Amino acid sequence: MPKNNKEYDVVIIGAGPAGYVCAIRCSQLGMKVACVDSWVSTKGKATLGGTCLNVGCIPSKALLDSSHHVHFLNEQAKEHGIKVSNIQIDVPTMQKRKDKVVQILTGGVASLLKKNKVDVYTAIASFESTQTIKVQNAGTQLSETLQAKRIIIASGSVPIDIPIAKVDNQTILDSTGALALQETPKRLGIIGAGVIGLEMGSIWNRLGSDVAILEAMPDFLPTVDKAISKEALKILTKQGLDIRLSSFVKEVNVSNGKALVKYTSGSEEKLLEVDKLIVAVGRKASTEALNLDIVKVKTDEKGFIEVNKYWQTSIENIYAIGDVIGGAMLAHKGMEEGVALAELLVGQHAVMNHDHIPWVIYTWPEIAWAGKTEKECKDAGIKVRVGTFPFMALGRARAMGDTDGLFKIITDKQTDQILGVHILGPNASELISEAVVAMESELSAEDLARTIHAHPTLTEGMHEAALAVDERTIHI
Ligand code: FAD
Ligand code: NAD
């Protein structure tokens with residue numbers, strides 16, 4: 001039975017990047033805000049920040065960074081004149097550090113919401129009507145109802161499971177399980193060579209696993225510019241990731257703690273035996289608990305909530321943002337939607353350009369891009385000019401000892417406007433920001449070419465690639 005009834009200007013379901021950022025901005029703009037989130041840590045503690053902070057962006061980057069140090073010690077230290085022997089990897093300590101990073105940041109979200117006077121409910125939210133949300137504490141059966149003029153769904157996403165490889169959290173894991181392993185598996189199999197497959201594969205490969213990745217598609221990273229994906233495949237393969245394209249998993253049998261994966265590659269039937277198997281075949285909208293049917297909020301054929309360009313669902317006062325509406329399932333995309341929607345709700349003119357959302361895959365070298373690929377330009381009938389520049393020609397990359405990769409800038413042949421930037425290289429995740437600003441400001445390659453970049457920095461690669469568009473690079 002509902003205990004009491006509270007009224008808000010806006011109730012937000014979900015405190016992931018989309019939900020908590022939206023809650024803060026709504027509150028800054030003078031609204032009375034409630035944010036409901038059901039996330040409970042493995043230790044049974046309510047924790048905010050959603051997928052990104054608890055089991056996504058942050059813990060994966062913490063382990064990627066730790067494992068990158070191992071990679072440095074094993075592969076690069078010697079060249080720098082640093083002799084190390086008997087490197088010991090203590091996975092439980094690595095995991096503890098990761099947990100601490102997560103704890104600090106999720107605690108930070110709680111403080112931010114408190115400071116911004118957002119009422120936080122640790123509970124499962126479901127619709128009772130278009131303006132009434134039932135919030136039910138997961139542990140107790142206690143529930144209450146919240147009334148709101150507007151309701152924003154930011155309930156995020158969960159991993160897609162495949163019936164032939166059901167996650168058992170022992171031998172078959174999803175990304176959450178893969179980020180919690182307490183020892184390095186000797187043989188690790190991964191289904192899916194997408195973002196998660198490559199990031200998890202990189203972590204555990206650097207920590208000593210033999211990693212085999214089975215990918216159904218014939219092309220490696222098909223949404224990435226071909227020049228970059230081709231080079232990335234070469235480098236990652238050299239690092240030890242055994243990426244098997246056109247590999248369709250047919251059956252998985254688990255016995256004695258091992259997974260035997262049967263898959264086809266062309267007409268051939270093949271077997272792969274591994275100690276752990278990670279399923280990383282994409283994510284789907286998390287809407288199960290919401291009771292969407294009651295309010296008739298429409299979803300598409302894949303289950304993502306349908307919204308118009310103002311993030312309004314099929315019901316006028318109900319909005320949705322973040323992973324739950326699909327598109328780029330990225331934390332920064334959700335956060336920007338949260339800010340823009342809050343501003344729209346108070347009548348401000350908020351725009352968000354989805355064309356230049358930066359993408360990053362945190363392998364090493366990193367892969368980052370924004371805007372169009374060369375193929376997308378070609379398919380759209382746009383005539384282009386292309387400038388590329390390799391990291392090996394950069395003084396700073398040489399000094400770092402990280403010379404793999406390249407910059408690629410694509411411009412409109414007629415106007416010189418930058419249409420896409422693609423980077424494979426160290427710190428590509430940071431370097432891509434300049435490209436995003438340039439594209440958002442509709443700059444030309446000439447603008448970048450005439451902008452002074454500090455020396456010696458990796459950003460000089462962007463400068464040189466811009467010069468290369470006009471065939472006038474200096475340093476190659
Ligand atoms: P979520 O973060 O999924 O949050 C939704 C919240 O809603 C959750 O806390 C959930 O418990 C809550 N919720 C759901 N239903 C209810 C309900 N009925 N009642 C109450 N609460 C509910 N993105 C990047 O940009 N960069 C990265 O480096 C990156 N790395 C990633 C690594 C991994 C391993 C994974 C899995 C994802 C990664 N992502 C990354 C993607 C990123 O995590 C998501 O895009 C982002 O978290 C989406 O934010 P969101 O707020 O839409 O949803
Ligand atoms: P993904 O869509 O990136 O990759 C899934 C891969 O699995 C695809 O290449 C697909 O062809 C393959 N696949 C699907 N079914 C298969 C099957 N049965 N057998 C073999 N291969 C199969 O999905 P993901 O890697 O699970 O990541 C989900 C989302 O999470 C990403 O799209 C991204 O938005 C987000 N994410 C982002 C980051 C980041 O920004 N660095 C990191 C991790 C996750």
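This structure is a prediction, so every number in the text was calculated from the model and none was measured. Reckoned from all heavy atoms, side chains included, excluding hydrogens, waters and symmetry mates. This chain uses plain numbering: 1 for the first residue, then up along the sequence.
- Summarising the local packing, CD of E440 is surrounded by more than 12 heavy atoms from other residues, nucleotides or ligands at distances under 6.0 Å.
- No side-chain N or O of N205 forms a donor-acceptor pair with one of S202 less than 3.5 Å apart.
- Residues L394 and F389 have side chains in contact (heavy-atom distance under 4.5 Å, counting atoms from C-beta outward).
- The OG1 atom of T42 sits 9.5 Å away from atom CG of N54, with the distance rounded to the nearest 0.5 Å.
- With hydrogens and angles disregarded, a donor-acceptor distance shorter than 3.5 Å links the side chain of S314 to the backbone of K298.
- The closest side-chain heavy-atom distance from D225 to W369 is not below 4.5 Å.
- Rounding to the nearest 0.5 Å places CH2 of W204 at 8.5 Å from OG of S67.
- Nearest heavy atom pair, residue K61 against residue Y362, reads CE-CD1, 3.4 Å.
- Taking CZ of R283 as the reference point, atom OG of S175 lies at 5.5 Å (rounded to 0.5 Å).
- Note: I164 CD1 to I172 CD1 = 9.5 Å, rounded to the nearest 0.5 Å.
- Residue I190 comes nearest to G197 through the heavy atom pair CD1-O, 3.4 Å, listed as atom of the first residue, atom of the second, then distance.
- In terms of heavy atoms, L419 sits closest to C377 at CD1-SG, 4.0 Å.
- More than 12 non-hydrogen atoms from other residues, nucleotides or ligands lie less than 6.0 angstrom from CD of Q348.
- Two residues are said to be in side-chain contact when any heavy atoms from C-beta on lie closer than 4.5 Å; Y8 and I151 fail this criterion.
- Side chain of E430 to main chain of A428: no donor-acceptor pair is present (N/O by atom type, distance under 3.5 Å, no hydrogens or angles).
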M439 vs D355, side-chain contact (heavy atoms from CB on, under 4.5 Å): CA-CA, chis, key distance, verdict: CA-CA 9 Å; M439 283 188 278; D355 291 346; over 6 Å; no

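- A salt bridge between R385 and D416 is present, with a side-chain N of the basic residue lying under 4.0 Å from a carboxylate O of the acidic one.
- D300 places no side-chain N or O within 3.5 Å of a backbone atom of E306 that could act as its donor or acceptor partner.
- The aromatic rings of F407 and F391 sit parallel to each other, their planes meeting at less than 30°, with 60° as the upper class boundary.
- When each of L236, L198, L245 is checked for a side-chain contact (heavy atoms from CB on, under 4.5 Å) with I213, only L198 meets the rule.
- Across every non-hydrogen atom of A328 and K333, the tightest pair is O-CD, 3.1 Å.
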Could you pull out every donor-acceptor pair under 3.5 Å between side chains of residues 103-111 and any protein atom, sequence neighbours left out?
unit_1	atom_1	unit_2	atom_2	d
T106	OG1	V102	O	2.9
T106	OG1	Q103	O	3.2
S111	OG	G107	O	3.1

CA sep, side-chain torsions, deciding dist, call: W39, L48, side-chain contact (heavy atoms from CB on, under 4.5 Å): CA-CA 7 Å; W39 200 288; L48 303 175; over 6 Å; no

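- A468 and T473 get closest at one heavy-atom pair: CB-CG2, 3.3 Å.
- Counting heavy atoms from C-beta on, the side chains of L63 and Q95 come closer than 4.5 Å.
- With salt bridges taken as basic N to acidic carboxylate O contacts below 4.0 Å, one links K6 and E144.
- Listed for the H455 side chain is no donor-acceptor partner under 3.5 Å among the backbone atoms of G395.
- Using a 4.5 Å heavy-atom cutoff, the side chains of I235 and L424 are in contact.
- No side-chain donor-acceptor contact under 3.5 Å links E336 and H354.
- N291 places none of its side-chain heavy atoms less than 4.5 Å from the side chain of K134.
- Remark: Q414 CD is loosely packed, at most 12 non-hydrogen atoms of other residues, nucleotides or ligands lying under 6.0 Å away.
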Worked check of side-chain contact (heavy atoms from CB on, under 4.5 Å) between V21 and R25: CA-CA 6 Å; V21 169; R25 191 69 189 118; 5.5 Å; no

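- Looking at E434, its side chain never comes within 3.5 Å of a backbone N or O of L431 through a donor-acceptor pair.
- Going from atom CG of L29 over to atom CG of L344 covers 10.5 Å, rounded to the nearest 0.5 Å.
- Each of V70, D65, L181 was compared with M94 under the side-chain contact (heavy atoms from CB on, under 4.5 Å) criterion, and only V70 meets it.
- With respect to T415, the side-chain contact (heavy atoms from CB on, under 4.5 Å) criterion is satisfied by exactly one of D412, T411, I418: D412.
- Counted within 6.0 Å of NZ on K372, heavy atoms from surrounding residues, nucleotides or ligands total 12 or fewer; the atom is thus considered open.
- With rounding to the nearest 0.5 angstrom, the OG1 atom of T459 is 11.0 Å from the CG atom of N427.
- Minimum heavy-atom separation, G322 to E337: N-OE1, 2.8 Å.
- Side-chain contact of N116 with S27: a donor-acceptor pair under 3.5 Å is absent, judged by distance alone.
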Evaluate the criterion side-chain contact (heavy atoms from CB on, under 4.5 Å) for residue pair H332 and I357; output intermediate values, then yes/no. CA-CA 8 Å; H332 42 284; I357 294 172; 4.0 Å; yes

Does E446 form a salt bridge (charged side-chain N to carboxylate O under 4.0 Å, His left out) with R472? I'd like the steps, not just the answer. CA-CA 11 Å; E446 186 64 20; R472 54 180 221 265; 3.0 Å; yes

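- A salt bridge links D379 with K375: the distance from a Lys NZ or Arg NE/NH1/NH2 to an Asp or Glu carboxylate oxygen falls below 4.0 Å.
- Checking side-chain atoms of R206 against main-chain N and O of S66 turns up no donor-acceptor pair under 3.5 Å.
- Between K32 and D119 there is no salt bridge, since no side-chain nitrogen of the basic residue lies less than 4.0 Å from a carboxylate oxygen of the acidic one.
- A side-chain donor-acceptor contact under 3.5 Å links E366 to the backbone of S429.
- A donor-acceptor distance shorter than 3.5 angstrom exists from the side chain of K98 to the backbone of L179, with no hydrogens or angles considered.
- Of the possible polar contacts, one joining the S155 side chain to the S286 backbone as a donor-acceptor pair under 3.5 Å is found.
- The shortest side-chain heavy-atom distance between I409 and L448 falls under the 4.5 Å cut-off.
- When atom types are taken as modelled, the side chain of S41 and the backbone of K43 share a donor-acceptor pair closer than 3.5 angstrom.
- A 4.5 Å side-chain heavy-atom check between Q147 and T132 finds at least one atom pair inside the cut-off.
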